[in-house]
Amino acid sequence: MTLFRTILVLLLGLVLMLAVVMLRADTARLHHQVARVERETELIVQQIADREIEAARLRSPMQIWEQLKLAVERTLPQETAPPVAPPRRR
């Protein structure tokens with residue numbers, strides 16, 4: 001094998017190894033990005049579930065009656081008890 005062929009084979013090996021390293025680095029970056037997006041997706045799904053539970057709770061008939069009672073109690077004038085006279089001193 002001539003010197004030219006030896007250098008050519010070594011350069012092709014070097015280029016191949018650099019391509020493999022670049023592909024692995026890009027793959028690792030993409031894996032990290034996918035993991036981050038999956039975490040964000042799980043967080044959003046949890047928030048949606050929490051809001052659905054809150055909406056279901058607010059649609060509950062018992063909850064509606066309780067909210068109605070509270071609203072009526074706030075709007076009605078408060079009955080005041082007659083003032084109590086202080087006890088007499090002897």
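Considering all non-hydrogen atoms of both residues, Thr6 and Thr2 come closest at OG1-O, 2.9 Å.
Inter-residue side-chain proximity for Leu70 and Arg74 is flagged as met; some heavy-atom pair is nearer than 4.5 Å. The shortest side-chain heavy-atom distance between Asp50 and Gln46 falls under the 4.5 Å cut-off.
Transitive grouping of hydrophobic side chains (ILVMFWY, heavy atoms separated by less than 4.5 Å) keeps Met22 and Leu14 in distinct clusters.
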Given the rule in the side-chain contact (heavy atoms from CB on, under 4.5 Å) test, do Arg29 and Asp26 qualify, once you have shown the distances and angles that lead to the verdict? CA-CA 5 Å; Arg29 182 184 58 80; Asp26 196 39; 2.6 Å; yes

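Within a 6.0 Å sphere centred on CZ of Arg57, heavy atoms belonging to other residues, nucleotides or ligands number more than 12.
Taken from CG in Leu23 to CG in Leu30, the straight-line distance is 10.5 Å, to the nearest 0.5 Å.
Salt-bridge check for Lys69 with Glu73: failed, with every basic side-chain N at 4.0 Å or more from each acidic carboxylate O.
With Leu43 as the partner, the side-chain contact (heavy atoms from CB on, under 4.5 Å) test is satisfied by one option alone out of Arg39, Gln47, Glu40: Gln47.
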